[in-house]
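Data block below; observations after.
Computed from a predicted structure; not experimentally measured. Numbered from 1 within each chain, the chains take letters A, B, ... in sequence-line order.
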There are 4 protein chains.
Amino acid sequence: MSPRTSQQNEAQRAQTRKLILEVALQAFAEKGYASASMSYIAKEAGISKGLSYHYFKNKEDLLIGIFEMLAGMADGLESAWEGKRPAEKLALAVEMTFNILQEQPQMVRFMTALAIQPEVTDNLKQHIEAQKLINIKVYQEIFKELEYANPELEAYAFGALLDGVALGCLALGADYPLDKMKQIILSKYHL
Amino acid sequence: MSPRTSQQNEAQRAQTRKLILEVALQAFAEKGYASASMSYIAKEAGISKGLSYHYFKNKEDLLIGIFEMLAGMADGLESAWEGKRPAEKLALAVEMTFNILQEQPQMVRFMTALAIQPEVTDNLKQHIEAQKLINIKVYQEIFKELEYANPELEAYAFGALLDGVALGCLALGADYPLDKMKQIILSKYHL
Amino acid sequence: MSPRTSQQNEAQRAQTRKLILEVALQAFAEKGYASASMSYIAKEAGISKGLSYHYFKNKEDLLIGIFEMLAGMADGLESAWEGKRPAEKLALAVEMTFNILQEQPQMVRFMTALAIQPEVTDNLKQHIEAQKLINIKVYQEIFKELEYANPELEAYAFGALLDGVALGCLALGADYPLDKMKQIILSKYHL
Amino acid sequence: MSPRTSQQNEAQRAQTRKLILEVALQAFAEKGYASASMSYIAKEAGISKGLSYHYFKNKEDLLIGIFEMLAGMADGLESAWEGKRPAEKLALAVEMTFNILQEQPQMVRFMTALAIQPEVTDNLKQHIEAQKLINIKVYQEIFKELEYANPELEAYAFGALLDGVALGCLALGADYPLDKMKQIILSKYHL
DNA sequence: TATGAATGAGAATTCATTCAT
DNA sequence: GATGAATGAATTCTCATTCAT
């Protein structure tokens, strides 16, 4: 009956917030942003509608929250690159892309839809563009180390290839030859 | 005195139908299928809400109408391939992709979003998948003629690369180095 | 190519008008007044929407037209009574009610719905009430001739019994024991 | 500080639900199912359009809700029959019919219209038929106890007579000789 | 912090009716 | 007389958001 300490409160808050974000990501990816209702998300998360509005001031805020969560995850992954040789880094980028495509297709669908659809806030739009450019920069660095003639364009092309695989996979689902595509891409870049 | 001739009616119908389709394509591409309301489309087309339903029995029917219109356009383009050598065909595929990307980005945005968006009917979904697979088959044929080791996977990879460029271009807009990408792709395939 | 004579025109008009009325009666009875659209009626009648409005200035006018048509039919039937003995008249009333119930259930449904539903114009309402009262008067006359103690109430009761059978038949459809009900009613009134 | 107790919520819900049901019954009876709009019902109930959909998932669900409410009321009345002699039961059936006709004409109008109207779902239609048949069975039991020659048909005839009175009363309103009809019916069945 | 009843704006869709031809 | 394209108001229904408790 004693009041929770503020630490416990904080932890509880963070956990609920994360739960909402995950449920919402799932819902947005499955049904689309417009078609996934706040009621549905709250129900799926097992909380009341009103409570969601304690954590996110509106639906768009929730969208941004998801985006930030995903961006944070990507950041975390970068540490895995440290100390690797360039070819290994490139191979790792391929691996990671295909992994995420297989394990979290909803997340990929969400991000891709976000990137294309203009129903999204300008604010979020800029986040997305920035993210995409950062990715390109990273690839560019690698291609420079690998002494490709035109690292920047190679980076764009490499990114495009991976994006295109993702697109095809999202559109065709299980029919898409994911594994074989990984092989051919690795071999195309001599990895 | 006399009723309109059926010819006049037919012409009127065709014209209004086309107007609605074009406005709707624009609207769906700009705002997304779920967020572009029938009211908005009607207003943009300068007609009454009710009239749209005279031409398309519901929103999904309108979506299908657009899809068929675009598919029809694509069919027309195929005749340009006749009698070309394989390398020329491949170059033409690249050219066409980049052309359409520059001249009709809305159309590309629409088709891409359609392929990803879960808000779309299974019916249309299957059309889209079929369309995508047809494309792959065409590329595959070319790579076979060019005696690539694995024509099918090469076709997938080629398609992915072009799709990825489209995706990047849609996301980054004018910042995307479209022209240079065309060059690097052409050179990658020795065209 | 000579213009139709006004007689021919007149005949044509009358025929088309009748066609519309019959189709509309069917439609109203099947779907209900509110749910049977003018478009549907026009299509069923094989004419254009616009043309129906040449014959009936609006939907309610069409409703009134049907009512008048049905009232006219009832009038025609009355001549069959002439010169009959009271018991025969009563038996005839029963026969006619059951006949119409079997052969034109739609018509009965329509009139019954009209009598109950207040979404109907006051104007039409009064017609219906008048019609019902006329019926009662006729029955009352018969019961007076048959020397029943209270001809007026007997008339109401007799009408109620027939109405109730109609109601049950409309509600239960083929499950309703129509034939047996005719027998028991006839025997109840010693006919 | 604390959320409403579930008891408070429950009470509130029950009250609002009942309000909507009563207003809707009134509206459907007055205007007919198709013509009484959800907007109208909400306005009459003094609540927002949206709230009705919080309680009933659609218009038909509301209709079913009313039907169940009325069926529930009827159930309650049955206990009054216990331990009565057959003649008393029959008299009670007449009494109850006339009572309800005088005190709740809207309810009768609603149920009668429902039985006839084609705008009603098959689902509800079956409920109605079942209800009607149950009634007949009850009457049949009584006539069997009273040793009538053909209890089943007598039950149908008795039901038809009461239904017919209701119909006449609904159509003619205050002009209908309700009280006298009760007397003549009671005397016809020696009650 | 937590609930869910309540709101109101807006979406899809239908339909009686008009009118240029 | 005849057509059906066109209109616009009304209808059913959804949903983001607020708020009393």
How many Å lie between [atom1] on [X] and [atom2] on [N], as a whole number?
X: B/I47; N: E/dT13; atom1: CD1; atom2: P; answer: 15 Å
X: B/E10; N: E/dT21; atom1: CD; atom2: C1'; answer: 16 Å
X: C/K43; N: F/dA2; atom1: NZ; atom2: C1'; answer: 17 Å
X: B/K31; N: E/dG10; atom1: NZ; atom2: C1'; answer: 13 Å

Contacting residues from residues 49-66 of chain B, given that a heavy atom lies under 4.0 angstrom of DNA chain F:
B/K49, B/G50, B/L51, B/H54, B/Y55

Check every atom of E/dG4, E/dT1, F/dT11 against the side chain of A/S48 and return the nucleotide holding the closest atom.
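That would be E/dG4.
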
Out of E/dA12, E/dT1, E/dT17, which nucleotide sits closest to the side chain of C/M38?
E/dT17

May I ask you to say what C/A36 touches in the nucleic acid, namely base, sugar-phosphate or nothing, with a heavy-atom cut-off under 4.0 Å?
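If one applies the 4.0 Å heavy-atom cut-off, C/A36 turns out to touch the sugar-phosphate alone, with no base involved.
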
Looking across every strand, which nucleic acid part, if any, lies under 4.0 Å from D/S39 by heavy atom: base, sugar-phosphate, or nothing?
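Contact class for D/S39: base.
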
Would you kindly compare C/S37 and D/G46 by the position of their nearest DNA chain E nucleotide and give the one closer to the 5′ end?
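Going by which nucleotide is closer to the 5' end, it is D/G46.
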
Not counting sequence neighbours, which residues clear side chain to side chain donor-acceptor pair (under 3.5 Å) with D/Q26? List them please.
D/E30

Which residues share a side chain to side chain donor-acceptor pair (under 3.5 Å) with C/S35, sequence neighbours left out:
D/E119

Answer yes or no for D/K59 and D/F28: cation-pi contact, defined as NZ/CZ to six-membered ring centre under 6.0 Å and angle to ring axis within 45°.
no

Nearest heavy-atom contact between D/Q12 and D/Y55 is O-OH, 4.2 Å

So, is [X] near the phosphate of [N], with a side-chain N or O under 4.0 Å from OP1 or OP2?
X: B/T16; N: F/dA6; value: yes
X: B/Q12; N: F/dA6; value: yes
X: D/R13; N: E/dG4; value: no

Report the end-to-end axis angle of the helix from E/dA2-F/dT21 to E/dT21-F/dA2; each axis comes from five terminal pairs, and the value is rounded to 10°.
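Roughly 10°, once rounded to the nearest ten degrees.
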
Okay, side chain of A/K43, backbone of A/K49: is any donor-acceptor separation there less than 3.5 Å?
no

Beyond-backbone contact of B/N58 with B/D61, side-chain heavy atoms, under 4.5 angstrom:
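Side chain of B/N58 against side chain of B/D61, heavy atoms only: contact under 4.5 Å found.
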
For a 4.5 angstrom cut-off between non-hydrogen side-chain atoms, does B/Y40 reach B/E44?
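Yes - at least one pair of side-chain heavy atoms lies under 4.5 Å apart.
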
Sequence-distant partners of B/K18, salt bridge (charged side-chain N to carboxylate O under 4.0 Å, His left out), two or more places apart:
B/E22

List in chain and number order the residues that pass ring pair (Phe, Tyr, Trp, His ring centres under 6.0 Å) with B/F56, two or more places apart in sequence or in another chain; answer none if no residue qualifies.
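Partners of B/F56 by the ring pair (Phe, Tyr, Trp, His ring centres under 6.0 Å) criterion come out as none, since no residue qualifies.
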
